[in-house]
Amino acid sequence: MRHRMQGFGSFALFIGVPVIPLIVFWFIPMFVSLWLSFTDWDYISPEIHYVQLDNYVTVLKSPDFLGALWNTFFFAFWTTVPTLIIGFLLALLLRVQIKGRPLFKALIFSPWVTPMVAMSIVWSWIYEPKIGLLNQFLGWLQLPQPEWLQSSTFAMWAVIIVTVWKSVGWCMIFYCDALGKISDEFIDVCKLEGATIWQCIRKLYLPLVSPITLFLAVTLIISAMQAYDQIQVMTQGGPAGSTRTLLYLYYQMAFQQFNMGQATAVAIILVIITAVISLIQFRLSKYWVHY
Amino acid sequence: MEKLVLTHLQKIYTQNKKTVIHDFNLSVRDGEFIVFVGPSGCGKSTLLRMIAGLEDITSGELFLNGKKANRLPAKDRNLSVVFQNYALFPHLSVFENIAFGLRIRHYPKQKVNEAVYNAAEMLGLQRLLHEKPKQLSGGQRQRVALGRAIVRQADLFLMDEPLSNLDAKLRTQMREEILNLHQKLETTTIYVTHDQVEAMTMATRIVVLKDGRIQQIGTPKQIYTAPANTFVATFIGMPQMNVFHAAGSDSARWDDFIPLSLKKSDSYTQGRVLLGIRPENILVAADGLPVTVNYAELMGADTYVHGEIAGTDKQIVIRCEPDRDFCSGETVYVRFPEDKCHFFDAESGKRLTIEAAAYEA
Ligand SMILES: Nc1ncnc2c1ncn2[C@@H]1O[C@H](COP(=O)(O)OP(=O)(O)OP(=O)(O)O)[C@@H](O)[C@H]1O
Ligand SMILES: [Mg+2]
């Protein structure tokens, strides 16, 4: 009996203690938010009314929401895919033993350890239309010089570029590791059969790094769904809502318009979308991930 | 016809400027089964990789089918390699693994199927074609690796320690299968191993290597009965050949309790000699050289007696019939039959062609 109590004691200690913060900071807010999304709370008025699904209906019908939804997908796709591809290609390049390899690696990785806010500030200087570095460079190449952050066509791309730039190094480190683990014998087999670089990538590298690709894809999409810092610093969702993602819409509704009910509805929808996308990714992974 | 000729081949790795292969000369006839054998790090894999075109040749020449091929890309050498760790792609089925080279070379589908099924049949893999390598046993994986090698009908097989990851029993079995395959296909094969049993049983000719230098090239029988130097003598044979110091006739010294009557010969006139005798050639007799037994190992078919020559610390191993019991501390008398003795120059280790008399009390 005493034995069992002891067992329970250590169980409570090791499982219970980590669960407490999980409950306090994650489950409770989650359920409170869920509850709020069914009310018309506005932060100020003392009374709260239960409004059933009204918030959801309003939100789903509103053009702001649909625009933000589209922006979110657009942003998630165009950050995740290029980050994966560029990260992979950089890692592939780094297989070649060149002199300054560690330095090069560190350099590409450094944006990842820099705070997004600081980086976004620097980039908003780079994007400055007249004297910014980027347009100076484009002008020197005789290319058009768009007003990056002030134009509704280019603002989204500007934010995407910063996001990709930040996470490419992180992605590359993972791919470097995964590629490094591929046995030289495999590469010898490819050489013996005369495989071209493209055949090697398609038949050898890509399948063998696929577990890492899955992990990176899921992580990158989730972090794209949660992008906030760079948008807040560089565009505040503008111009004309062109960089307003769901999370940013939530922020604006909740803390600028004090429409807590609808804001939490947006947040809940965002959580559901994220969960569904991750689920689909894991489901599909059966067909392309090889462990 | 000469399939492969290597002349004055040398390899220096650029990274560490180390000469790994020194002046390697060999010519391989069509259909031969050549085994490279030597201790770890002697350069066997390096040689094989140079032949395969996976490693640059520093100097010397390599001829394939009579044509100089130093710079011929690996894919155009029409050879296939079996690697030590099989190198099977974990994400491809057995079928696709075997078909890999054909797919890369864009063979038509019909031909791929035909070739893969033929190879699978030859190796008894028909029922495993849709499995992934992870689901196979070691022996089956090895067979798939062989399948990938034979499917393209290359005219030279290179195998780098293909059996070293298998257990003893499976190794014997796969050894036989590889030999059968060789008999059936008659493809010239170069086989690398550090296992002398594989070398002795499989080779038509053995190349013994040490530190990147050829020690001896010969048939298993030549290597065993007439080793070119002490290294080959002790490397091939289980348990190893016993090697003792003996004295030259000029100095007329009887060294280390091994009395020998060395006749004068052209190749040897003075200095010290080494006497070698294989454990199984030593006769246990009623009189002769006294040996103190340390312990005996019963191996089943025979017994290895470990001891030292009485009054010295010279270790000796005798292989004899298992019907006699030996106890530790016992003294036995041994004789070395004259025609089974090997003689080597003590300095260079080279084989000497001198005649010697066996021990006579
Ligand atoms: N890529 C390389 N760069 C530098 N030195 C190397 C390289 N590959 C092998 N060597 C050196 O060359 C020597 C021969 O190596 P090799 O792999 O050919 O030996 P091996 O006979 O195949 O040994 P094993 O039986 O252990 O496989 C070793 O001393 C090794 O340190
Ligand atoms: Mg080797």
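Reminder, nothing fancy here: chain letters follow the sequence lines and each chain counts from 1.
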Partner chain B: residue of A:Gln199, A:Lys203, A:Glu193 with the largest heavy-atom pair count (under 4.5 Å): A:Glu193
When heavy-atom pairs shorter than 4.5 Å are enumerated against chain B, which of A:Val289, A:Asp184, A:Leu208 gives the highest number? A:Leu208
Out of A:Glu185, A:Lys191, A:His290, which one racks up the most heavy-atom pairs below 4.5 Å with chain B? A:Glu185
Would you confirm whether A:Asp229, through its side chain, and A:Met116, through its main-chain N or O, come within 3.5 Å as a donor-acceptor pair? no
Options B:Leu102, B:Ile104, B:Leu92, ranked by heavy-atom pairs under 4.5 Å with chain A, top entry: B:Ile104
Does anything in residues 64-77 of chain B pair up under salt bridge (charged side-chain N to carboxylate O under 4.0 Å, His left out), and if so which pairs, sequence neighbours excluded? B:Glu61-B:Lys68
Salt-bridged, B:Arg143 to B:Glu177, with N to O below 4.0 Å? yes
Which atoms of B:Leu88 are under 4.5 Å from chain A, going by heavy atoms: the side chain, the backbone, both sets, or neither? backbone
Using non-hydrogen atoms only, which part of B:Gln84 is less than 4.5 Å away from chain A: side chain, backbone, both, or neither? both
Not counting sequence neighbours, list each pair that qualifies as a ring pair (Phe, Tyr, Trp, His ring centres under 6.0 Å) and has a residue in residues 97-120 of chain B. B:Phe89-B:Phe100, B:Phe95-B:Tyr117
Taking the basic N atoms (NZ, or NE/NH1/NH2) and the acidic carboxylate oxygens, is any pair closer than 4.0 Å for A:Asp177 and A:Lys181? yes
Got a salt bridge between B:Arg103 and B:Glu96, using NZ or NE/NH1/NH2 to carboxylate O under 4.0 Å? yes
Angle class for the A:Trp112/A:Trp170 ring planes (parallel below 30°, perpendicular above 60°, tilted otherwise)? parallel
Non-hydrogen contacts under 4.5 angstrom with chain A: give the residues of residues 130-137 of chain B involved, or none if there are none. B:Lys134
Quick one: which residue pairs count as a ring pair (Phe, Tyr, Trp, His ring centres under 6.0 Å) with a foot in residues 36-57 of chain B, not counting sequence neighbours? B:Phe24-B:Phe36
With a 6.0 Å cut-off on the ring centroids, do A:Phe74 and A:Trp157 count as close? yes
